[in-house]
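For reference, the structure discussed in these notes is given below.
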Amino acid sequence: MKEKLDNIKAAALREIELASTTAELNNVRVKYLGKSGEISLLMRDMATVAKEDRPAMGKLVNELRNAVEGTLIAKTEQIAELEKQARLKAEAIDITLPSSAQRLGSLHPLTAIRRELIDIFTGMGFTVADGPEIESDLFNFQLLNIPKDHPSRDMQDTFYVNDNIVLRTQTSAVQARIMTNAQPPIRVVSPGKVYRSDDDASHSPIFNQFEGLAVDEHITMGDLQGCLTTFAKKIFSEDTKVRLRPSYFPFTEPSVEVDVTCSMCHGKGCRVCKGTGWVEILGAGIVNPAVLDMCGIDSKKYSGFAFGFGIDRIAMIKYGIPNIKLLYENDVRFLAQFN
Ligand SMILES: [Zn+2]
């Protein structure tokens, strides 16, 4: 019997030693200490032991059970610690890995162009003025020499709020406001949104206009041409040429349409300029003396020039954008190209 106990002890301790996982250790526990485990069965075998030998044998079995249990507990703790270390190692976060790059936004092309334009014109001594987008008929039309029933109102398809209030069709309304409130010298540009009921690939019901006005003594068409040539060279490229063609606007007299050499082909002729080498970018002229007088400025002493163009059109020409709608759809795939 004593030999049998020693064999069981040796076998149990060896199996405990060899176990390397909690599951394996559990199998060993069941095999020796479970209900039908080898040590548990020994207790049952006590019945076959001679009565006088039972106390000594019981002590030996208890010692065996204690030895195996103690070793099992120690080994269980050891394996738990090893498994914890392994898990921590597997779940570790590598803080030295580079993070995924943040996507930065970019300026909308219209914002970028407007800022560039403001920079160019403030560099020539202009200040920036703002005005309301819902404007009275007086400032939007009448003070600009466009009385009610004037045929030229047909040139601009107007959104009327009522008979006397419109969504401004031109930022020239700001110029009328300034001239009625200030005396020359005046040098001001006014960027802003304007509205017309017009809708195709090159026209949007809402678009951004940029207007300029200079009123002082002895202002001539030469000043206008110099100012616009400087502007065109800076916004497009140094080799850009400017061409003035006679035109008609009620606000200016004489009036001109202004073309620049195509920035895509540099005047050679391409799809953008329809083979002509020239692209029309704006309307301008000498401020009609009638407008100066209506706004309270002495047209015998002062003269001025004015010009206006679409910021959208400048952006389309500069970046080769085929449809004005792209500027207002806020498609991130389109906008990301201007990063
Ligand atoms: Zn061209």
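Numbering of ligands and ligand atoms starts at 1, following listing order. These numbers come from the heavy atoms of this one structure, side chains and all, not from hydrogens, waters or symmetry mates. Predicted model, so just to flag it, every value in this text is computed and none were measured.
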> Can you find a side-chain donor-acceptor pair between Y195 and D157 that sits under 3.5 Å?
Replying inline: no
> Where the Zn ion (ligand 1) is the centre, what is the SG-to-SG angle for C265 and C270, rounded to 10°?
Replying inline: 110°
>> Surrounding NZ of K148 (heavy atoms of other residues, nucleotides or ligands, distance under 6.0 Å), is the total greater than 12?
In response: yes
> Counting only heavy atoms not in K75, do more than 12 fall under 6.0 Å of its NZ?
Replying inline: yes
> Would H266 count as a contact for the Zn ion (ligand 1), in the sense that one of its N, O or S atoms lies under 2.8 Å from it?
Replying inline: no
>> Looking at E135 and R177, is any side-chain nitrogen of the basic one under 4.0 Å from a carboxylate oxygen of the acidic one?
In response: yes
>> Nearest 10°: the angle subtended at the Zn ion (ligand 1) by C273 SG and C262 SG?
In response: 120°
